[in-house]
Amino acid sequence: RESPIVRAVYSVLREAERRAQSVVPYWNLPGAASMFKDQKEHEANLTLLNAVLDELLRNAMEEKDDLGNQEDGHLSLLQYLVVTKNEDVSTKQLRDDLMTLLIAGHETTAALLTWALHELMKPKNKETLLKVRDEIDSVCGDRNFEFEDMQKLPLLKAVLLETLRLYPEPPLLIRRCENGDDAVPVGPCCEGVVGDTISMLPGQDIFISTWSLQRSSLLWGENSNDFDPFRWDRPIPGKGKWAGYRPEKAGMYQNETATDFAFLPFGGGPRKCIGDMFALLEAEVCLVDILKRFDFTAAASTEGQKMGMTTGATIHTTGGLLMDVMERKRPSRAVPGEAGELAEAPVPVVPLTLPRFMERNSKNTVAQRIEPEAMVVPTAKELRRLFTEEAMSLKKEPKDPKAIESAYTKCKEITSEYSKTFFLGSQLLDEEEQRAVWAIYNWCRSTDELVDGPQAATTTMADLEAWEERLQATFEKSKLALDGSVGWEDLSMADSVRRFSLIQRPFQDMIGGMAMDLVKTRYETFHELEVYCYRVAGTVGVMTLPVLGFDGMQNFTQELQEQTIAAAMSLGLAFQLTNILRDVGEDARRGRIYVPLEDLRRFDISEEEVLAAANTEGLLYTEQKWKDFMEFQFERCERFYDVAKNGIIGLSEVNRLGVMAALFVYGAILEAVRRNNYDNFSKRAYVDLSEKMVLMGQAWWRVQELQREAEENVKSGRIFTRSKQLEKQSRG
């Protein structure tokens, strides 16, 4: 999901373009910010960006004294700005620098990379692309780009500079002559001028078209409109008062000095961009990584897409630059053979360098997952890394949208037939989200049927292994161009994986939970039970989290993202624990005791007493030790509900109410057990309709409070911690 900050940045840039091109300063009209919707949004976006940057700067200023003691000795750009500024520099001045470097600068870099790829993928520039890649491979090999490599990649830099020449950012510079000048020399592009100089009046605005200047055939020759990175190796003789281009005068890069102001990649003079070296370095790093990992070709189909070029603060596309993107298959390199001849040896594709603590796919068999050493609950950090890795993987567009539509329709029918409550809740979601949760529900239901359905008595571990192989195949198919040759169940799941970057691990863990149900009827410790609850219920929260979505502003840091993931897991665990505490008697009559045996012993309760109470009315639940035991379990369960409740603010705004309502209603089942005098052997605790309505109202009110809290977090810039209560809980 796009970050609100990214949306705010682009909105502010678009408004800046509109203002630059407008004859009438409409934004200065009295009340414009309150009367016009676009101006209200502009003010809100500026407030958001200023608040975020102010909070970043406050944190950096507070940490200023400790920056020199960092273990790796490296400073971020923000830390560098803070350390190098004088003590009397205000936060506003630092914020303005950040605005220039990080917001306007990133827009320039994005446009530069777009047009560089546009030129490199043209068939006539294929040879240039091959040479650039050969330069990158020879310098960087399989390792990451390093700062020292910057001067070892002259052709890559020439590609970026040639792109800036053809697509200048910005295409128009405006300067004002403050005092006037009577003797400004003219160059070869000034036609119709009498004499060698011109005069400029005080206050006169001067418009410099860098687009025309840098594409002028008078200055750059007959091929001035062609993409030719090698031109920077060739000097250009001067004409008239223009000194020409002299490569030896270039510093870190060919700039306005070397070209006598015929090339203004970052402006010139006192108003030259202060972030020129940062911008070039950022562009180099990005382009190296892109060209090492991916192949690009022009999109096979652009039907229905608005394609074109537009200008403003930068030159950019109107509807994106459509490309077909594939993982790069790097060519073989010649290496010495045994007989001294050259043999072809493949060079491995550069792997994605994401540190991780758990594998994307479990390599254990289903049977191995019930061994003691495999009984673990993944951490939120491990899951976040898997989410990040999956989101960066490439997927292809489906070949048969009609077959996919039909598959989702069948999932919808299954969901509406077997879970009317779940289906009703799904109506609150957008259409694409609805279809994905229907597909997930259908898969979970089919998985559960293996051990709890009509044919459960015949299910074996081999059946679960076969089901996991089918799951693996489904995730592999998600990376292909899907068509009707895939069965409807697998097709709907594969397309959901493709659309929402679902991760495979929770699906595998749920199958592991089914394996536990297949062989276990007792749980010695709460740790074992927690693993079981995560596998059969907590996994559902992890599966659906990419569909329900994060609120970008409430998950601004990795730590906050992990808190939202932990909350989703905790909610599933709380629901399953509630089921277990409600259904003690029902489970016992099936020969199962899910509550931890170590807890029973702590309260001097035996297995035999539980089994007897399930089959003989009036036993055990009237005794104080059972009530104490149940209160101990309730307290533990309510802690999971508390973690989940505090994390709901991290969900997307549209989905908070549904989750909060489910939490309130399901959590009330514990109180219903109390009302039944702790008789969960012969009575089934439930929440009646009138109580549900009250709880729904309470949930709605709590969500309104969360919304106000979320808005305040954004307005105040307090988006790095959600609340003092959550901070205390995290430290605890």
Side-chain angles (χ1 to χ4, degrees), residues 358-378 382-383 386 390 407 410-411 414-415 418-419 437-478 486-494 496-497 502-524 527-544 569 572-573 575-576 579-580 583 587 590-594:
M358 67 187 298
E359 296 172 313
R360 178 188 292 189
N361 306 327
S362 174
K363 298 299 188 293
N364 292 335
T365 64
V366 177
Q368 288 172 330
R369 257 171 261 156
I370 59 176
E371 296 297 327
E373 60 271 16
M375 301 285 278
V376 294
V377 176
E382 290 169 337
L383 292 171
L386 293 184
E390 185 63 35
K410 292 178 181 177
C411 290
I414 293 290
T415 307
Y418 289 96
S419 182
V437 297
W438 294 336
I440 293 172
Y441 171 83
N442 181 68
W443 185 88
C444 291
R445 180 182 174 278
S446 298
T447 303
D448 185 65
E449 286 283 293
L450 291 172
V451 297
D452 203 23
Q455 307 300 319
T458 62
T459 298
T460 65
M461 197 66 71
D463 294 323
L464 294 180
E465 298 285 4
W467 186 245
E468 171 137 331
E469 289 176 7
R470 182 172 170 181
L471 173 72
Q472 176 67 29
T474 298
F475 270 79
E476 290 174 356
K477 289 170 186 172
S478 71
V486 181
W488 69 268
E489 291 179 296
D490 296 341
L491 183 59
S492 59
M493 266 299 298
S496 297
V497 172
L502 307 183
I503 59 175
Q504 186 171 341
R505 196 58 183 262
F507 293 88
Q508 291 182 295
D509 287 342
M510 177 173 277
I511 297 174
M514 300 304 109
M516 294 174 73
D517 256 336
L518 203 62
V519 300
K520 288 180 71 68
T521 59
R522 302 288 189 276
Y523 291 84
E524 176 61 31
H527 172 72
E528 285 186 11
L529 182 62
E530 183 182 16
V531 171
Y532 172 75
C533 290
Y534 158 72
R535 287 182 175 180
V536 300
T539 51
V540 178
V542 181
M543 292 174 190
T544 56
M569 295 169 65
L573 265 70
F575 284 170
Q576 186 62 24
N579 286 339
I580 288 170
D583 300 334
D587 291 332
R590 295 163 48 210
R592 294 179 177 274
I593 298 178
Y594 285 101

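As the structure is a computational prediction, the values presented were derived from the model and not from experiment.
How far CG of Leu529 is from CD of Gln576: 8.5 Å, rounded to the nearest 0.5 Å. Here the CE atom belonging to Met510 is positioned 11.0 Å from the CG atom belonging to Leu471, to the nearest 0.5 angstrom. Here the NZ atom belonging to Lys520 is positioned 5.5 Å from the CE atom belonging to Met375, to the nearest 0.5 angstrom. In this structure, the separation between CE on Met493 and SG on Cys411 is 9.5 Å, given to the nearest 0.5 Å.
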Go through the steps to decide whether Trp443 and Glu489 satisfy the test side-chain contact (heavy atoms from CB on, under 4.5 Å), and finish with yes or no. CA-CA 8 Å; Trp443 185 88; Glu489 291 179 296; over 6 Å; no
Check against side-chain contact (heavy atoms from CB on, under 4.5 Å), Thr365 and Met461: CA-CA 10 Å; Thr365 64; Met461 197 66 71; over 6 Å; no
What's the verdict on side-chain hydrogen bond (donor to acceptor under 3.5 Å, both in side chains) for Glu468 and Gln472, showing C-alpha distance, side-chain angles and the deciding distance? CA-CA 6 Å; Glu468 171 137 331; Gln472 176 67 29; over 6 Å; no
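Annotation: side chain of Ile593 is not in contact with side chain of Asp587 (no heavy-atom distance under 4.5 Å). Contact check for Phe507 versus Thr539: no side-chain heavy atoms found under the 4.5 Å cut-off. At least one side-chain heavy atom of Cys533 sits less than 4.5 Å from a side-chain heavy atom of Ile580. You'll find the side chain of Asp490 stays beyond 4.5 Å of the side chain of Phe475, heavy atoms only. Residues Thr459 and Glu449 have side chains not in contact (no heavy-atom distance under 4.5 Å, counting atoms from C-beta outward). Residues Met543 and Leu502 form no side-chain contact, since every pair of their non-hydrogen atoms from C-beta on lies 4.5 Å or further apart. The closest side-chain heavy-atom distance from Ser496 to Trp438 is not below 4.5 Å.
Here the shortest heavy-atom pairing between Tyr523 and Glu528 reads CA-OE1, 3.6 Å. Of all heavy-atom pairs spanning Ala515 and Ile370, the tightest one is CB-CG2, 3.8 Å. Of all the heavy atoms in Asp463 and Thr458, the pair that sits closest is OD2-O, 3.6 Å. Taking both residues in full, the closest heavy atoms of Thr460 and Leu518 are given as C-CD2, 3.7 Å, listed atom of the first, atom of the second, then distance. Heavy-atom minimum distance, Val451 versus Met514: CG2-SD, 3.4 Å. Here the shortest heavy-atom pairing between Val540 and Cys444 reads CG2-SG, 4.5 Å.
Outside the 6.0 Å centre-distance limit, the rings of Tyr441 and Tyr418 are not counted as a close aromatic pair.
When atom types are taken as modelled, the side chain of Ser492 and the backbone of Ala439 share no donor-acceptor pair closer than 3.5 angstrom. Distance alone, capped at 3.5 Å, places no donor-acceptor pair between the His527 side chain and the Val376 backbone. Using modelled atom types, one side-chain atom of Glu465 and one backbone atom of Val366 make a donor-acceptor pair closer than 3.5 Å.
For the pairing with Asp517, the salt bridge (charged side-chain N to carboxylate O under 4.0 Å, His left out) check across Arg592, Arg590, Arg535 returns one residue only, Arg592. Exactly one residue among Asp452, Thr415, Ile414 makes a side-chain contact (heavy atoms from CB on, under 4.5 Å) with Arg445. That residue is Ile414.
For Glu373, the CD atom is densely surrounded, since the number of other residues' heavy atoms within 6.0 Å is greater than 12.
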